[in-house]
2 protein chains.
Amino acid sequence: MEQRRVTVRDVAKLAGVSPATASRALSGSVPVSAEVKRKVFRASEELGWSANALARALRTQRTDTVGIVVPAVNNPYFMAVVDVMEAVLAASDRSLMVCDSRDSVEIEAHRVDLLVSRMVDGLVVVPAGGADSLPAIQRAADRVPTVLIDRWVEGAGLDYVGTDNAEGMRLVVDHLQAAGVRSMAFVGARTATSTATGRLQAFRAQAARHRLRVVAEELGEYSFTWGETAARRLLDAELPDAVVCSADIVACGVLNQLHQANVAVPERVRVVGFDDLPLDQITYPPLTSVRQAMAEQAQEALRLLDARAEDPSRPSSRSVLAPSLVVRESSPKAPRHG
Amino acid sequence: MEQRRVTVRDVAKLAGVSPATASRALSGSVPVSAEVKRKVFRASEELGWSANALARALRTQRTDTVGIVVPAVNNPYFMAVVDVMEAVLAASDRSLMVCDSRDSVEIEAHRVDLLVSRMVDGLVVVPAGGADSLPAIQRAADRVPTVLIDRWVEGAGLDYVGTDNAEGMRLVVDHLQAAGVRSMAFVGARTATSTATGRLQAFRAQAARHRLRVVAEELGEYSFTWGETAARRLLDAELPDAVVCSADIVACGVLNQLHQANVAVPERVRVVGFDDLPLDQITYPPLTSVRQAMAEQAQEALRLLDARAEDPSRPSSRSVLAPSLVVRESSPKAPRHG
DNA sequence: GTCTCCTCTGCAACCGTTTTCACGCGTGAC
DNA sequence: GTCACGCGTGAAAACGGTTGCAGAGGAGAC
């Protein structure tokens, strides 16, 4: 280990040309004679040269890398976001630098700064907080193309791509209503994220539209445990025909608690989640959920980054993609008393 | 957006000193007069300067970053590895660059090269393949400190840190035997990874030691679906007292299939997994599993990287950490016919 | 034969830091 | 008064690539 790195100068010397020519031959950006190209490649091969990405980036001012900051990589949902983003970038030979803000606005700010100082070509952020996430992100945004994903933050003139939560909730409630549900409970999170509030409000609107009774709105946090707790509360008070959850992880807790209380799902209560995690297929019973168009979101995020790189002064845009409902056994199509 | 980046020269000019002095004041590496330090900081503040990490790294030859390559970030187990590695690095103010090899040796090689060209200070790899993963990794290893984690590869003179699979399997079988189990089946993966083969062999050894009957060894892949398939096969043939799974995700499939076939777990069959994913607490019933010392592994991996950076010629070392058994309802302590 | 044009090559500067080296200056020892 | 020393500072080189510019040389037009 620890031999001196071999540089383009070494290659050039061995090939008997100038570093400039060697560089041109290797990158292929500018035509060089066949003879020279052959010699340079041979030399490069022989020495085992490979370009130093940092030096190159410093000179060219591009890293072919975008950065992403998510509140928690170990959250299956954000993990999916990262995964699909990576796949989309790989298609255009770019790579992804992943950072975790651990749900803290301060750490988030550090991570954003870090990525900017690393000269990423673009930045994708799922903001950990609401307005308090903004300063750091906006500061980054006037150095590098930046797009918010999943969570919207009020007042930012930032590009955004996310899911139409209202439409998702409409699909859920339409589905439940068609299945003969008369009363519902909502189990969600108290957090101030746009997704949490958006889903709650859409739920209320749809319940009202269909004149369905809402027996409870349980607001806590996005966790399995909270789902369990909320389910216990519902059991103690009044059990509705259906429980609508604002996230799958919460729905899992609800399912589990109902199961333990010997409440039949879906016969007695229907349960619906949101996000359509891989997890949903392995719950018992498998969970009906709202699927977001993940790949399309990633694609769109990248498109927005590239568009802004092209024209930094273009107006900010907000892309909202339609989700779809994935019906599984926890809330089948068939009417309740059918 | 897109103002010219502010450099240390700009700061220096504004503060009325040379770039060298500005750099020294800002980094604090070398004493400067209080007066100068004040002026430089004021100037830096005013201009909103922040160091370009690439330029710095190019000069100092350190990035304060380690790279990690895993076969699939969307696999909860590897995700946990990444997560804990990030946490450990953060403690010493370093960061992690994550790459996904998508279970392909070719992509893995690319990712490894990429990280090396980015001048990471260290490299952590969960090899996607067996011996065929080796060339790229070994090439990397003589440029930068490298450690394999989780999966061992024969013949590499590489540092390694992982879990004692034999000990884990001993815990499992001892536990089952103590609970009165007489016959077992093994559901695992056919892959040539050290973890897969290690667990299978340990299973056989432990079964022999306790003179327990092995009704079947079902080898497929690490997936939920495979767990379901294997369980169906067991149901069609002979159902043992316990099913030992080589990974939790497989155990989930088994549980699900047994549930659907109305086989009582743990009363009729006990099920045990391996890895102790967060997932295990939300299965029904919650899954008994072998917990690996993740945090300690990450810590140890980092220690090995640092040690090798210190002394590149030190002999390679192999750290194997003891796992522990987490007993849950899918396989309780109480004897079977108690 | 001269002029123009075109292709390929080399020199040197550049990206933004850090660091080596040398120097100026003040202090204290002798 | 000289010398050694320590401290803070600046000029310039370095990290490892790419690229603007200019020049060399050959081909083709007249």
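Letters A, B, ... are given to chains in the order of the sequence lines, protein chains preceding strands, and every chain is numbered from 1.
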Is a salt bridge present between D113(A) and R143(A), judged by a nitrogen-to-oxygen distance below 4.0 Å?
no
Using the closest heavy atom to pick a nucleotide of DNA chain C for each, name whichever of S29(B) or V17(A) lands nearer the 5' end.
V17(A)
Please write out the pairs of protein N or O atoms and N or O atoms of nucleotides 12-15 of chain D separated by less than 3.5 Å, giving the distance to one decimal.
unit_1	atom_1	unit_2	atom_2	d
dA14(D)	N3	R59(B)	NH1	3.1

Does dG16(D) have its OP1 or OP2 closer than 4.0 Å to a side-chain nitrogen or oxygen of W49(A)?
no
Do the side chain of T146(A) and the main chain of V144(A) share a donor and acceptor less than 3.5 angstrom apart?
yes
Taking CG from D64(B) and P from dT18(C), how many angstroms apart are they, rounded to a whole number?
12 Å
Among dG16(C), dG17(D), dG8(D), the nucleotide that comes nearest once only the side chain of R5(B) is considered
dG16(C)
Reckon T21(B) has a side-chain N or O less than 4.0 Å from the OP1 or OP2 of dG10(D)?
yes
Enumerate the residue pairs fulfilling side-chain hydrogen bond (donor to acceptor under 3.5 Å, both in side chains) with a member in residues 154-163 of chain A, sequence neighbours excluded, ordered by first and then second residue.
D159(A)-R308(A), T163(A)-Q292(A), T163(A)-Q297(A)
Ranking P31(B) and M119(B) by the position along DNA chain D of their nearest nucleotide, the one closer to 5' is P31(B)
For S50(A), which contact category applies under a 4.0 Å heavy-atom criterion: base, sugar-phosphate, or nothing?
sugar-phosphate
Side-chain N or O of S18(A) closer than 4.0 Å to phosphate OP1/OP2 of dG10(C):
yes
Do any side-chain nitrogens or oxygens of S33(B) fall under 4.0 Å of OP1 or OP2 in dG8(D)?
no
Do the charged groups of R38(A) and E35(A) touch, with an N to O distance under 4.0 Å?
yes
Please check the phosphate of dG16(D) (OP1 and OP2 only) for any side-chain N or O of T7(A) closer than 4.0 Å.
no
Between E45(A) and R42(A), is there a salt bridge with N-O shorter than 4.0 Å?
no
Is a salt bridge present between R303(B) and E300(B), judged by a nitrogen-to-oxygen distance below 4.0 Å?
yes
So what does V11(B) touch, heavy atoms closer than 4.0 Å: a base, only the sugar-phosphate, or nothing?
nothing
